[in-house]
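Just below is one structure, and these are the notes that go with it.
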6 protein chains.
Amino acid sequence: MSDLVTFGETMLRLSPPQGERVETARELEFRAAGAESNVAVTAERLGAVATWLSKLPDSPLGRRVVSGLQQHGVDVDVAWSDQGRQGTYYLEYGGKPRGTNVIYDRKGAAVQTTHPEELNLDAIRKARVFYTSGITPALSNRLRETTAQLLKTAKESGTKTAFDVNYRSSLWSEQEARETLTRLFPAVDILVVPFRDAQQVLNFERDPRQLAHHLAAEYNLQTVIVTNGEKGSLAWHNNTVYEQDIYQSDTHDAIGTGDAFVGAFLARRLSGDDVPRALKYAAATASLKRTIAGDIATVTKPEVEAVIGDDMQDISR
Amino acid sequence: MSDLVTFGETMLRLSPPQGERVETARELEFRAAGAESNVAVTAERLGAVATWLSKLPDSPLGRRVVSGLQQHGVDVDVAWSDQGRQGTYYLEYGGKPRGTNVIYDRKGAAVQTTHPEELNLDAIRKARVFYTSGITPALSNRLRETTAQLLKTAKESGTKTAFDVNYRSSLWSEQEARETLTRLFPAVDILVVPFRDAQQVLNFERDPRQLAHHLAAEYNLQTVIVTNGEKGSLAWHNNTVYEQDIYQSDTHDAIGTGDAFVGAFLARRLSGDDVPRALKYAAATASLKRTIAGDIATVTKPEVEAVIGDDMQDISR
Amino acid sequence: MSDLVTFGETMLRLSPPQGERVETARELEFRAAGAESNVAVTAERLGAVATWLSKLPDSPLGRRVVSGLQQHGVDVDVAWSDQGRQGTYYLEYGGKPRGTNVIYDRKGAAVQTTHPEELNLDAIRKARVFYTSGITPALSNRLRETTAQLLKTAKESGTKTAFDVNYRSSLWSEQEARETLTRLFPAVDILVVPFRDAQQVLNFERDPRQLAHHLAAEYNLQTVIVTNGEKGSLAWHNNTVYEQDIYQSDTHDAIGTGDAFVGAFLARRLSGDDVPRALKYAAATASLKRTIAGDIATVTKPEVEAVIGDDMQDISR
Amino acid sequence: MSDLVTFGETMLRLSPPQGERVETARELEFRAAGAESNVAVTAERLGAVATWLSKLPDSPLGRRVVSGLQQHGVDVDVAWSDQGRQGTYYLEYGGKPRGTNVIYDRKGAAVQTTHPEELNLDAIRKARVFYTSGITPALSNRLRETTAQLLKTAKESGTKTAFDVNYRSSLWSEQEARETLTRLFPAVDILVVPFRDAQQVLNFERDPRQLAHHLAAEYNLQTVIVTNGEKGSLAWHNNTVYEQDIYQSDTHDAIGTGDAFVGAFLARRLSGDDVPRALKYAAATASLKRTIAGDIATVTKPEVEAVIGDDMQDISR
Amino acid sequence: MSDLVTFGETMLRLSPPQGERVETARELEFRAAGAESNVAVTAERLGAVATWLSKLPDSPLGRRVVSGLQQHGVDVDVAWSDQGRQGTYYLEYGGKPRGTNVIYDRKGAAVQTTHPEELNLDAIRKARVFYTSGITPALSNRLRETTAQLLKTAKESGTKTAFDVNYRSSLWSEQEARETLTRLFPAVDILVVPFRDAQQVLNFERDPRQLAHHLAAEYNLQTVIVTNGEKGSLAWHNNTVYEQDIYQSDTHDAIGTGDAFVGAFLARRLSGDDVPRALKYAAATASLKRTIAGDIATVTKPEVEAVIGDDMQDISR
Amino acid sequence: MSDLVTFGETMLRLSPPQGERVETARELEFRAAGAESNVAVTAERLGAVATWLSKLPDSPLGRRVVSGLQQHGVDVDVAWSDQGRQGTYYLEYGGKPRGTNVIYDRKGAAVQTTHPEELNLDAIRKARVFYTSGITPALSNRLRETTAQLLKTAKESGTKTAFDVNYRSSLWSEQEARETLTRLFPAVDILVVPFRDAQQVLNFERDPRQLAHHLAAEYNLQTVIVTNGEKGSLAWHNNTVYEQDIYQSDTHDAIGTGDAFVGAFLARRLSGDDVPRALKYAAATASLKRTIAGDIATVTKPEVEAVIGDDMQDISR
C-alpha cells in the first residue's frame with residue numbers, strides 16, 4: 001500500500017553532450033523521464049512509499065523505463081502492451097541565446113490508449129494521494145477520459161488528488177487545455193499551477209496570490225500552489241497564503257525542477273509536515289535538482305535539509 | 001546527374017556498447033542506417049555518383065539522417081515533411097547464443113506516406129540505375145504503390161532497375177511479401193535474392209543456381225544475384241552463372257553486409273566491369289564491411305582491391 | 001513474501017575498458033556485483049519473487065549497490081550501518097595468456113559484522129528457498145556464525161536451503177573452507193558444487209557423478225548440482241543423475257556465469273519445472289550471461305527459451 | 001554553380017575534454033576546422049549554395065576533413081595530393097585565468113603548395129562571391145601569390161570578393177601581414193576587420209567607425225565590416241555606417257565565432273537582405289555559435305531568427 | 001638528491017561526470033590524489049626536484065598511484081606493503097546549493113602503519129625542505145608519531161620543514177587536532193594555515209594578520225602563510241607581512257587549490273625568489289589549478305608567469 | 001646510471017575505437033608510442049633501470065610523450081627543441097580482411113635533426129647496454145649519422161650495443177635499408193632480426209637458423225635473435241642456437257609485440273639470466289603485450305612468470 005500513486009507517461013530521454021547538436025551527434029545519453037514518475041521518485045526518495053502506474057510496450061525499451069525508475073525504489077505497476085510505441089524525447093542542452101531544446105517523439109505511445117481497467121485501480125483506492133498532471137490528458141482523447149476517471153476513482157475512495165497543470169504548448173492548444181483542465185479541477189484537492197501556465201491557459205492576468213485565492217474559491221480546492229520561476233512560489237491553504245523564495249542554484253539541467261518541487265511537497269505533507277514546511281522542502285529539492293543531470297532528482301533527505309539549514313560548505317571533507 | 005538513384009527509408013540507429021543491454025544502457029551510439037542509403041553510400045565510395053531519395057521529418061532527427069549520409073558524398077534529395085516521425089532502431093550486439101537483436105521503432109515514419117510526386121522523379125529518369133529493396137513496399141500500402149510507380153518511371157525512361165528482396169519478417173508475412181514482390185519483379189532488371197529469403201518467401205526449395213535460372217526465366221531478368229551467407233554468392237547473367245566465394249572476415253558488425261555487397265556490385269557494373277569482376281568486388285566489399293562499426297561500409301577502392309589482390313598484411317606501416 | 005531470499009555481500013565492481021590495466025586506467029566502469037545478489041536478480045528476472053538481505057554502509061556507495069539491484073526488480077532489505085566500508089573489487093578483463101584479474105578491496109566491509117538479528121529473519125522464514133554461498137562464511141568469523149544461524153532459521157521454518165560452495169582461495173585456505181563448509185552442509189537441501197572446488201576443498205578425486213552421489217549420501221541432500229566448466233553440469237535428485245551440456249557462447253564477460261546458472265535453476269524449480277528442465281534453463285542462462293557485460297545476467301525468459309529451442313538467428317529483424 | 005566559393009586551409013582539430021590538459025590527456029575529440037570552410041558551412045546552412053576549395057593529402061586524414069564538411073551539405077572540391085601533410089591543431093579549453101590554448105601543427109600542410117591551376121577556377125568565376133581570409137596568405141609564399149591570383153580571377157569574372165583580415169600572430173609578423181594584406185585589399189569588395197587586428201596590423205589608432213571610413217576610402221571598398229568583440233560590430237556601406245550590438249551568450253566554445261559572423265552576413269547578403277539586416281543575422285549567428293562545440297556553427301535559419309526575434313524561451317517543449 | 005621531500009597519503013580518486021551522483025553513476029574517472037603528493041608535483045613542475053615518500057599496497061592499485069605521480073616527473077620512493085589497503089575517495093562535483101561532495105574510503109590504508117624506518121630517511125636528511133600536512137597525523141596514532149619523528153629527523157639534519165594545517169573534520173575532532181598540531185608546530189619552519197582552520201582548530205578569533213604574528217611568535221616560525229579563500233593570502237616573514245590577492249578564475253575543479261598554492265610557494269622559495277614573489281607565484285598557480293580537472297596542478301612555469309604578467313588573451317593562436 | 005639506454009623517436013598515437021575509421025571518427029585515444037621507448041619501458045618494468053634519450057619539441061605535445069613514458073618509471077632525458085614537430089601516427093584497428101592500418105604523420109619531427117652532441121652521451125657511456133632500432137636511421141640522413149656515432153660511442157666505452165632491424169617499408173627502400181644497416185651491424189653486439197625483414201632487406205632466402213649463423217659470422221655478433229611471427233623465435237649465442245615457441249594469446253593490440261620481446265630479453269640478460277631463460281621471458285612478455293591496448297607492455301614480472309609457469313587460471317580471485 002503506497003502513500004502516493006501517480007499515473008502518466010514516462011519517456012526515454014536521449015541527449016547529446018553539452019554543446020553538441022542532435023543533427024551531428026554520435027553519442028546520446030539515455031534515461032527514463034516523465035513528469036509523474038519524476039514526482040513519484042522524488043517522493044519515494046524523501047520518505048514516501050510511491051507507486052507509478054502506466055502502460056508500456058513489452059519490449060527492451062519499455063523495460064528500460066522500468067529499470068530507470070525501480071532503481072530509485074519506486075514501485076512500478078504497469079500494463080504491458082503489444083501495441084503502441086515507447087515514447088522518447090531528444091534534449092539538446094542550450095545556453096543563452098539558444099534555449100534548451102526538446103524534440104518529442106511520443107506519437108503513438110502505448111500509454112495513449114490506457115483504459116482505467118488496465119491499471120491497478122486498487123492501488124489508487126488504497127493510496128493516500130493520487131497524482132497526475134496536465135500532460136496526461138493532453139496526450140490523447142482516451143487519456144482525457146482516463147484522467148477524469150482516475151481522479152473520480154480516487155475521490156470516491158477518499159484518496160486525495162493532486163494535479164499539476166504542466167501546460168505543454170506542443171501537445172495541445174491553450175483553448176483545448178483550458179476546457180479540459182477546468183473540467184478536471186473540481187475533482188482535484190491539491191492543485192499546482194505554474195504562474196506562466198495560468199496566464200497562458202487560464203487567461204489569468206492578476207498576480208500569483210490572487211490566482212491562488214481565485215482557484216481555491218472557484219474549484220473548492222484544499223491547497224493551491226503557484227510556482228513563479230525565479231520569483232519563488234506560494235501555497236494557499238485554509239485561506240492562508242504562504243510564500244517561499246527559491247534557493248539559488250547553479251543549473252546543470254533544469255528539466256524536472258517542477259516535478260522535484262511537487263514530489264517533495266507531497267512527500268513532506270504525507271509525512272505530516274505543515275504547508276509552509278513542505279513548501280520550503282519543495283523549494284530546496286527543486287534547487288538541488290537543477291544541479292543534477294537527467295529529469296530525476298537523485299537527492300537524499302539530509303541533502304535537502306542541509307539546503308534548508310544553509311549549512312553546507314563548498315567542499316565537505 | 002547521378003549514375004545511381006536509390007529510394008527507401010533510412011532510420012537512426014541507436015546501440016549500446018558491446019555487451020550492454022538496451023534495458024540497462026546509459027549511453028547509445030547514434031548513426032544513420034538504411035538499406036537503400038547504405039547501397040548509395042557504398043556505390044558513391046567506390047566511384048559511382050549516387051543520389052538517395054526519401055522523405056524525412058523536418059526536424060533535427062531528419063537532419064541527422066542527412067548529415068550521416070552527406071558526409072560520404074552521397075547526394076541527398078528528400079521531401080521534408082511536417083507530418084510523420086523519424087524511424088529509429090535499437091541494436092544490441094550479440095554473440096552466441098544470443099543473436100544480434102534489432103528493435104524497430106519505425107511505425108508512423110514520414111517516409112511511409114511518400115507519394116511519387118513528392119520525389120525528384122527527374123533524378124530517376126536521368127539516372128543509369130534505380131535501386132530499391134523489398135523493405136520499401138513492406139512499410140505501408142502507400143509505399144507499395146510508390147515502389148511500383150518508381151520502378152515503372154525508371155523503366156519508361158530507360159533507367160535500369162535493381163532490386164534486393166531483403167525480406168524482413170517483422171514487417172510483413174511471407175505471403176504478403178510473395179504477392180507484392182512477384183508483382184514487382186517484372187519491372188526489375190537486376191534482382192538480388194538472399195537464398196534464405198527465396199526459401200522463406202518464394203517457397204523455392206532447390207539450390208541457388210537453379211533459383212537464379214528460374215527467376216531469370218520467370219521474370220525476364222537481365223541479371224540475378226543469389227547470396228548465400230557463408231557459402232558465397234553467384235550471379236546469373238546472359239545465361240551464364242558466375243560463382244564467388246566470400247572473403248573471410250573478423251566480424252565487428254554484420255549489419256549492412258548485404259547492402260555493401262549490392263552497392264559495390266552496382267558501382268562496378270556502372271563503371272564498366274563485367275559481372276564476375278563486379279561480383280568479386282561485391283564479395284570483397286561485404287567482407288570489409290563486417291570489420292566496420294555501423295551499417296555503412298566506410299571503405300575505399302584501394303582497400304577493396306587489396307582484399308581482392310590478397311596482398312594486405314596484418315599491420316601495414 | 002518472496003519465493004527466494006538470499007544473503008551475502010555485494011560489492012561495487014570497478015573495471016577499466018578491455019585491454020586497459022588498472023595501473024594506467026583513467027576511466028572505470030562501475031557496477032554492483034555479488035554472488036548472492038546475482039542469484040536473486042537472475043531468479044527475479046526469470047519469474048521468481050526475490051529478496052536480497054545484507055548490511056550496507058549508509059553512504060552513496062551503499063546506495064549505489066541498492067540502485068544496481070533494485071533496477072532489476074529485486075526487493076532489497078538491508079541493515080544500514082554507520083560502521084564498516086563498502087567492499088569493492090577491480091576487474092581487468094584478460095585474454096590468453098593473461099587471465100581475467102580480480103583485485104578485491106573488501107576488507108572491513110560493513111557486511112562482515114552482520115548479526116542475524118539485524119536482518120529481516122521473517123523474510124527468510126516466509127520464503128520458499130533461502131540461498132547463500134561459500135563466500136559468505138569466508139568473509140569473517142561473525143559471518144561464519146551468521147551463515148549457520150540463517151540456514152538453521154530457514155530449516156526450522158520449513159524454508160528450503162540452497163548453497164553454492166563458491167570457493168575463493170583469496171579469502172580462506174582450503175582447510176578452513178573444508179572445515180567450515182562441511183559443518184554447514186547438513187543444513188543444506190540443494191547443494192551446488194563446482195567440480196574444481198570439490199577437488200581443491202573437499203579433496204574429492206573421482207568424477208562429478210560420483211561426487212554428487214557421495215555428497216547426497218553423506219549430507220542427506222535433496223539435490224546436488226555439480227558444474228564442471230566447459231564439460232557441462234549434472235544434477236543428482238531422487239537418486240537419479242541428469243546431465244546437461246553447456247550451450248556454446250562467445251564470452252564477453254565470464255564473471256557471474258555460475259550465479260546465473262544457480263539463479264535460473266532455482267527460479268525454474270520454484271515455478272514447478274522438474275530438475276532436468278531447470279538444469280537446461282540454468283545452462284542456457286549461464287551461456288547468455290557470458291555475452292553480457294557485468295556480473296549480472298540481464299536476460300529475459302523468452303531469450304533463455306530461445307536458446308533452449310535453438311531457434312535464434314544471427315540477427316533477428 | 002555556387003553562390004559562395006571559399007578557399008583556405010582546413011585542419012583537423014584535436015581537443016581533450018574540458019579541464020584536461022593535452023600533456024596528460026588520454027582521449028581527444030576530433031573535428032574538421034578552418035576559417036574559410038567554417039564560413040562556407042555557415043553560409044550553406046543559412047541558405048546559400050557554398051563550395052570550399054582546397055588541397056588535401058590523399059589519406060584518411062584528408063578524407064576526415066571532407067567528411068566533416070560534406071555532412072553540412074557544402075560542396076567540397078579539392079586537389080588531392082601525394083605530397084604534404086594534413087594540418088592539425090590541438091585545443092585546450094581554458095577559463096580565467098588560463099586562456100583557451102591553441103597548439104598548431106600545420107607546418108608542411110599540403111595546402112601550402114596550392115597553385116591556382118590545381119583548383120577549380122571555374123567555380124570561382126561562376127560564383128557570386130569568393131571568400132578567403134588573411135590566414136591563407138600567411139601560410140606560405142606560394143599561398144601569398146595564390147591568394148592574390150584567386151582574388152584577381154574573381155574580380156576579372158565579375159565575382160565579388162570578400163576577405164577577413166583574421167590576423168594570426170603565430171603565423172607571421174605584423175609587418176609581413178601589413179605589407180601583404182594592404183597589397184591584397186585593392187582586389188577586395190567586402191572587407192571584414194576585427195578592430196584588434198586593425199590596431200595591431202594596420203597601426204590604426206582611432207575608433208572602429210573611423211576605421212571603416214578610412215578603409216573604404218583608401219581601398220575603394222564596397223562594404224567594410226569592423227567587429228569589436230563584446231562591443232559589437234558595424235558595417236560601412238554606401239557611405240552609411242550601421243551598428244550592431246552583440247547578442248549575449250553563454251560561451252561553450254568561442255572558436256569560430258568570427259567565421260559564423262561572416263558566413264551569416266554573406267549568406268544573407270546573397271539572399272538579398274540589406275546590410276543592416278544581414279549584420280543582425282551575423283551577430284545572432286555568432287552568438288549561437290558560442291553555445292556549440294567545435295569550430296562550426298551547426299545552426300538553422302529558424303534558430304537564428306528566433307534569436308533576432310528574441311522569442312525563445314529557456315526550455316521549449 | 002631532491003630539493004623537496006614530502007610524505008603523506010595519496011588516494012585514488014573516483015568521480016562521476018559533472019551532474020551525476022555516485023548512487024547512479026556508471027562511469028568513474030580515476031586519478032591519483034593526495035595533499036603531499038600534490039605539493040610535490042606542483043613543486044616539480046615549477047622547477048624543484050621533488051620526491052614523495054609513502055607506503056603503498058603492493059597491488060595494481062598502489063601502482064596506479066605511482067603511475068599517476070611519476071608521469072609528472074616526481075621521484076616516488078615508497079615502502080611496498082603486503083598489508084593494508086589503498087585508500088580511495090569518491091568525489092561528486094556539485095554546484096550551488098549542493099556543495100562538492102567527498103566520500104572517503106581510506107580506513108585501513110597501508111600508509112597508516114608507516115614507521116619512519118620504512119621510509120628513505122636519507123632523502124629527508126639530504127633535502128632542502130621536508131613537507132607534510134595536518135592530514136598525515138590525523139590518519140592514525142602511528143602516523144602521529146611518525147610525523148613528529150620525520151619533522152625531527154629533518155630538523156636535526158638541517159632540512160627546513162614546511163607544514164600545512166589542512167584540517168579535515170571527518171578525520172579528527174577539533175580538540176584532537178589542536179593538541180596534536182600545537183605539539184608539532186615547534187618543529188616547523190614554514191607554517192601554512194587556512195584562516196578557517198585557525199578559527200576552527202586554534203580557536204583564533206582575530207584577523208589573519210594577527211594570526212600570523214601570533215603563530216610566528218608562539219612557535220618561533222620562520223615563515224607563516226595564512227590563506228583566506230577569496231580574500232587572498234598573506235605571508236609573515238622576518239617580521240614583515242606581505243599580502244596577496246587571489247587571481248580570479250573560472251573554477252572547473254577546486255580540489256587541490258591549496259596544495260598548488262603551497263607547492264608553488266615552496267618551489268619558488270627553493271629557487272631563490274623572495275617571499276612576496278613566491279606568494280604571487282603561489283596565488284597564480286592556485287588560480288590556474290581551479291581550471292584543471294583532478295587534484296593536480298598540471299601547469300607550466302610560463303603559464304604561471306603569464307597569469308602574473310596578466311598578458312594572456314582569451315584565445316592565443 | 002642506467003642499465004639500459006635507448007635512443008629513438010617516440011610518436012603520439014591517435015586511434016579511433018575498434019571498428020571505427022579515421023575518416024569518420026569523432027574520438028581518438030591518445031598515447032605515447034615508439035619502438036625504442038617501448039623497449040625501455042618493458043625493460044624498466046621487468047627490473048632494469050632504463051633511460052630513453054631523444055629530442056622533442058618544447059610543447060604540450062612533446063610533454064605528452066614524456067608523461068606517457070615517465071609514468072612507467074623510465075628516466076626520460078631529452079633535448080627540448082624550438083624547431084621541428086612532434087611526430088604522430090593514426091592507428092585503425094582492423095581484423096580480417098582489413099589489416100591494422102597505420103597512418104604516419106612524422107615528417108619534420110624534431111628528433112630527425114638530433115646531433116649526438118645534443119644528447120646525454122655520458123648516459124650511454126655509463127650504461128651497460130645501448131639500444132636503438134632500424135627505424136632511427138631510416139628517419140633522416142642526420143639520424144643515419146647519429147645512429148652510427150651513438151653505436152660507436154657505446155662501443156668505445158665498453159657499453160654493449162643492441163639493435164633491432166625493424167624494417168619499415170614506408171620509411172625507406174629495401175636497398176637503402178640494406179646499405180645503411182649492413183654498415184651499422186659491425187658496431188652491434190646483440191642483433192634482433194624479424195625473419196621477414198631478413199628476407200626483404202637482406203635478401204636472405206634460407207631458414208632462421210641459418211640466418212642467425214650467417215649474421216653472427218659475418219658481423220662478429222655476440223648474440224643474434226631471429227623472430228619469426230607465429231613460428232616462434234631463436235637466439236644464437238656462443239655458437240649455440242636456442243629455440244623458443246610463442247605463447248598463445250588473444251590479440252587485443254598487436255603493435256609493440258616485438259618491442260616487448262626485445263625489452264624483456266634485454267632486461268633479463270642484464271639481470272643475469274642465461275640466453276634461453278631470457279628468450280623464454282621475451283616470448284612470454286610478447287604474448288602478454290598482445291592482450292594490452294597501446295604500444296606499451298604494461299606488465300609485471302610476476303605476470304610474465306605466471307605465463308612461463310603456465311599456472312594462471314581463467315579468472316583468478
Side-chain angles (χ1 to χ4, degrees), chain C residues 11-17 20-33 56-71 76 81-94 98 100-110 112 170 293-294 296 298, chain E residues 11-17 20-33 56-71 76 81-94 98 100-110 112 170 293-294 296 298:
Chain C
M11 293 174 282
L12 292 173
R13 159 182 160 167
L14 298 141
S15 47
E20 295 290 332
R21 308 303 311 261
V22 164
E23 181 180 333
T24 47
R26 284 284 289 275
E27 299 282 339
L28 300 173
E29 216 187 45
F30 192 40
R31 302 175 182 275
L56 290 172
D58 187 4
S59 75
L61 301 178
R63 292 198 296 276
R64 179 65 188 80
V65 169
V66 172
S67 162
L69 301 180
Q70 277 181 342
Q71 68 176 324
V76 170
S81 169
D82 288 337
Q83 305 290 110
R85 305 174 49 233
Q86 171 57 45
T88 64
Y89 83 87
Y90 295 75
L91 181 140
E92 293 179 313
Y93 291 103
R98 185 163 64 91
T100 290
N101 192 23
V102 169
I103 304 142
Y104 289 120
D105 181 19
R106 69 205 302 186
K107 282 229 180 94
Q112 295 181 8
S170 58
I296 288 177
T298 311
Chain E
M11 293 174 282
L12 292 173
R13 160 181 159 167
L14 298 142
S15 46
E20 295 291 331
R21 308 301 314 261
V22 164
E23 180 181 334
T24 48
R26 284 284 290 276
E27 298 283 339
L28 300 173
E29 213 187 47
F30 192 40
R31 300 175 185 274
L56 290 171
D58 187 6
S59 75
L61 300 177
R63 290 198 297 276
R64 178 65 186 81
V65 169
V66 172
S67 160
L69 301 180
Q70 276 181 343
Q71 68 176 322
V76 170
S81 169
D82 287 337
Q83 304 291 110
R85 305 174 49 232
Q86 171 57 44
T88 64
Y89 82 86
Y90 295 75
L91 180 141
E92 293 179 314
Y93 292 103
R98 183 163 66 89
T100 289
N101 193 23
V102 169
I103 304 142
Y104 289 119
D105 182 19
R106 69 205 302 185
K107 282 230 180 94
Q112 295 180 7
S170 58
I296 288 177
T298 311

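Letters go in sequence order (proteins before strands), and every chain restarts at 1.
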Chain C contact via E:L14 - side chain, backbone, both or neither, heavy atoms under 4.5 Å: side chain
Engaged part of E:Q86 at the chain C interface, taking heavy atoms whose separation is under 4.5 Å: backbone
Among C:V65, C:V66, C:T24, C:L12, residue most engaged with chain E (heavy-atom pairs, under 4.5 Å): C:T24
Heavy-atom proximity to chain E below 4.5 Å, by part of C:S15: neither
Interface residue of largest heavy-atom contact number with chain E, from C:R26, C:Q71, C:R31, C:K107, under 4.5 Å: C:R26
For chain C, the option from E:P60, E:S67, E:G62 that forms the most heavy-atom pairs under 4.5 Å: E:P60
Heavy-atom pair of closest approach, residues E:V22 and C:F30: O-CE2, 3.7 Å
For C:R63, salt bridge (charged side-chain N to carboxylate O under 4.0 Å, His left out) partners two or more places apart: E:E23
